[in-house]
Chemist: 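Sharing a structure here in structure tokens format.
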Amino acid sequence: MALLPVSDALARLLKVSAPTIRHEMVGLHEAMGRVLADDVAARVTHPAFDNSAMDGYAGHHEDFAEIGTELVVIGESAAGRGFSGHVGPGEVVRIFTGAPVPSGADTVLIQEDTKKLSDGRIRTTFALEKGRHIRPKGQDFTIGDVVLRAGDVLDAGRLTVAAGMNQPHLPVLTRPKVAILATGDELLSPGSVPGPDQIIASNTYGVAAIARDNGAEIIDLGIVRDDKAAIAAAVAKAQAVGADVLVTLGGASVGDHDLVQSTLVESGMVLDFWQIAMRPGKPLMVGSLQGMTVLGLPGNPVSSLVCALLFLEPLLRHIGSLPRRDRSARAKTLTALPANDKRQDYVRARLTRGIDGSLQAETFSRQDSSMMQVFARSDCLIIRPPHAPAMDAGTLCDIMVLRWPAS
């Protein structure tokens with residue numbers, strides 16, 4: 001099977017998966033970052049009554065039309081404790097921000113524009129027009145207004161207005177379920193004491209972090225030995241829990257000890273493609289198994305993370321109806337780069353800002369895809385297209401941002 005270009009591989013991956021239509025009701029505290037499944041209408045009117053935008057005095061605009069008018073203070077209106085009487089000509093009510101505007105009043109004169117006199121009177125020191133400093137009833141929304149729309153991603157502002165609409169629960173799309181399966185006789189969980197032929201499994205944690213960051217619910221299937229029956233049992237478990245995506249780590253090639261692909265095919269997986277024209281990450285596999293998308297990532301830690309960013313992240317955002325995350329930018333390379341071969345290269349680099357604020361990328365001298373420390377210290381990946389010519393230092397290049405530098 002010929003090596004697929006990265007862009008073609010991603011297009012085919014997204015084509016075999018569909019956005020979820022399942023939804024559930026969640027409380028406001030659990031709704032951050034979730035996607036609304038339906039339109040949401042207000043259950044109350046806001047503001048529920050005319051209220052004051054400032055601390056001051058509520059009265060008739062005719063009494064505030066001229067400077068020096070003396071007025072009698074007949075009561076007080078505070079938030080949650082309004083004035084129940086009626087304001088007549090020549091009268092005012094002391095009012096505080098958010099308090100109901102009393103009957104008969106149509107304007108609020110702020111306290112800085114008055115002078116307190118003796119015997120419960122004030123004198124105006126500023127003239128203003130009718131309606132100033134009053135928030136009218138329903139200024140924001142009224143009962144039945146559709147304020148939030150299906151497809152909205154819930155953030156701080158949208159959750160605040162949802163609460164103000166008196167909606168304690170919201171209908172949201174279910175999170176994509178991602179089952180993660182690591183395979184290999186050599187793998188041990190962190191905290192174990194490795195033998196002479198064993199290594200600590202690390203891929204699951206980074207891949208799971210990327211999946212969670214893109215709205216997924218994680219089902220960790222653990223580490224499975226290189227045994228077809230054990231792998232098949234883990235795959236069956238992913239199906240039983242309703243996983244939308246099965247991510248396998250390692251074993252997707254066709255060597256004598258790479259059993260994942262053959263086991264999945266025997267279990268009914270339709271293999272779409274494997275092997276991508278990229279570095280790191282060539283042995284990537286995509287297929288579908290009875291409605292579950294299968295994404296086989298390389299066992300190499302850095303290859304696995306790069307492929308997860310390039311393929312798993314957009315896949316999950318597509319399934320979850322989240323907007324595509326744009327990591328693309330351009331930067332000046334601070335190091336010369338050699339000509340590239342037929343595979344698209346993702347070169348690990350530090351990212352800084354020059355004096356003029358422009359982005360600058362400095363590659364690491366060692367690019368071996370087993371070096372997790374280098375990837376952990378990388379801020380971006382310089383993208384080198386197939387057959388790209390050599391590049392001098394100071395040349396603009398395309399990058400994939402992992403984290404933005406401090407400004």
Side-chain angles (χ1 to χ4, degrees), residues 1-4 6 8-18 20 176-187 201-208 210-211 216-278 280-301 303-316 318-319:
M1 187 178 290
L3 298 182
L4 268 179
V6 172
D8 291 354
L10 178 58
R12 285 172 64 166
L13 171 63
L14 298 183
K15 189 175 181 180
V16 301
S17 60
T20 185
K177 287 185 178 181
V178 177
I180 301 178
L181 171 63
T183 63
D185 291 338
E186 76 281 15
L187 299 180
S202 56
N203 301 24
T204 296
Y205 304 94
V207 171
I210 291 171
E217 175 187 339
I218 305 302
I219 302 152
D220 187 355
L221 298 174
I223 300 169
V224 174
R225 67 187 187 278
D226 291 321
D227 175 82
K228 283 197 168 188
I231 295 170
V235 172
K237 182 178 178 180
Q239 292 177 287
V241 297
D244 298 287
V245 180
L246 170 63
V247 176
T248 62
L249 305 174
S253 295
V254 290
D256 291 344
H257 300 285
D258 295 319
L259 305 177
V260 172
Q261 185 181 137
S262 58
T263 302
L264 282 163
V265 169
E266 291 168 12
S267 298
M269 181 187 76
V270 177
L271 178 65
D272 188 357
F273 61 87
W274 73 289
Q275 295 198 339
I276 313 300
M278 61 180 288
K282 173 187 171 184
L284 179 132
M285 175 186 69
V286 168
S288 57
L289 177 59
Q290 298 173 7
M292 180 174 66
T293 300
V294 178
L295 181 62
L297 300 183
N300 186 292
S303 300
S304 185
L305 289 173
V306 171
C307 287
L309 288 168
L310 286 169
F311 298 100
L312 181 59
E313 179 172 277
L315 172 65
L316 293 178
H318 172 66
I319 294 173

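Residue indices begin at 1 and follow the sequence shown.
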Chemist: Shortest non-hydrogen contact from Met292 to Ala238?
Modeler: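 For Met292 and Ala238, the tightest heavy-atom pair comes out as SD-CB, 4.1 Å.
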Chemist: Got a second to check how far Leu221's CG is from Ile231's CD1, nearest 0.5 Å?
Modeler: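 So the CG of Leu221 and the CD1 of Ile231 are separated by 12.0 Å.
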Chemist: Which residue in the set Val224, Ile219, Thr204, Leu249 passes side chain to side chain contact (heavy atoms under 4.5 Å, CB included) when paired with Leu181?
Modeler: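 Output: one option passes, namely Val224.
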Chemist: If you measure from OG on Ser288 to CG on Leu295, what distance do you get to the nearest 0.5 Å?
Modeler: 12.5 Å
Chemist: Where is the tightest heavy-atom contact between Gly281 and Pro298, given as atom of each residue plus distance?
Modeler: CA-CG, 3.9 Å
Chemist: Please walk me through it: do Leu259 and Thr183 pass side chain to side chain contact (heavy atoms under 4.5 Å, CB included)?
Modeler: CA-CA 9 Å; Leu259 305 177; Thr183 63; over 6 Å; no
Chemist: Restricting to non-hydrogen atoms, name the atom on Ile223 and the atom on Ala201 that form the minimum distance, rounded to 0.1 Å.
Modeler: CD1-CB, 3.7 Å
Chemist: Please name the pair of heavy atoms, one in Cys307 and one in Met278, separated by the smallest distance, quoted to 0.1 Å.
Modeler: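 Heavy-atom minimum between the residues: SG-CE, 3.9 Å.
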Chemist: Between CD of Gln261 and CE of Met269, what distance do you get to the nearest 0.5 Å?
Modeler: 5.5 Å
Chemist: Between Asn203 (side chain only) and Gly299 (backbone N and O only), is there a donor and an acceptor less than 3.5 Å apart?
Modeler: yes
Chemist: So do the side chains of Val235 and Thr263 get within less than 4.5 Å of each other, counting heavy atoms only?
Modeler: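 No, side chains not in contact.
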Chemist: Roughly how far, to the nearest 0.5 Å, is the CD atom of Gln239 from the CG atom of Leu289?
Modeler: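 Result: 4.5 Å between the selected atoms.
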Chemist: Under 3.5 Å, side chain of Arg12 to main-chain N/O of Phe273, donor-acceptor pair present?
Modeler: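 Not at all, since once roles are kept as given, no pair shorter than 3.5 Å links the two residues.
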Chemist: Flag the pair Ser17 / Leu315 as yes when at least one side-chain heavy-atom distance between them is below 4.5 Å, and no otherwise.
Modeler: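 Result yes, sub-4.5 Å side-chain heavy-atom pair found.
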Chemist: Under the side chain to side chain contact (heavy atoms under 4.5 Å, CB included) rule, what do Leu13 and Thr293 come out as? Steps first, then yes or no, please.
Modeler: CA-CA 9 Å; Leu13 171 63; Thr293 300; 3.9 Å; yes
Chemist: Minimum heavy-atom separation for Val306 and Pro280, please, with both atom names.
Modeler: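 Heavy-atom minimum between the residues: CG2-CG, 4.0 Å.
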Chemist: Nearest 0.5 Å please: distance from the CD atom of Gln275 over to the NZ atom of Lys282.
Modeler: 5.0 Å
Chemist: Does the pair Leu4 and Trp274 meet the rule for a side chain to side chain contact (heavy atoms under 4.5 Å, CB included), with working shown?
Modeler: CA-CA 8 Å; Leu4 268 179; Trp274 73 289; over 6 Å; no
Chemist: Is atom CZ of Arg225 surrounded by more than 12 heavy atoms (other residues, nucleotides or ligands) closer than 6.0 Å?
Modeler: no
Chemist: Quick one: are Val207 and Ser304 in side-chain contact, heavy atoms under 4.5 Å?
Modeler: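 Yes, close enough: below the 4.5 Å cut-off.
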Chemist: Would you say that Thr248 contacts Met285 through its side chain, given a criterion of any heavy-atom pair below 4.5 Å between the two side chains?
Modeler: yes
Chemist: Please test Leu10 against Leu310 for side chain to side chain contact (heavy atoms under 4.5 Å, CB included), starting from the C-alpha separation and ending with a verdict.
Modeler: CA-CA 8 Å; Leu10 178 58; Leu310 286 169; over 6 Å; no
Chemist: Can you tell me how far CG of Asp244 sits from CD1 of Ile319, rounded to the nearest 0.5 angstrom?
Modeler: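 So the CD1 of Ile319 and the CG of Asp244 are separated by 5.5 Å.
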Chemist: Which heavy atom of Phe311 sits nearest a heavy atom of Leu284, and at what distance?
Modeler: CD1-CD1, 3.6 Å
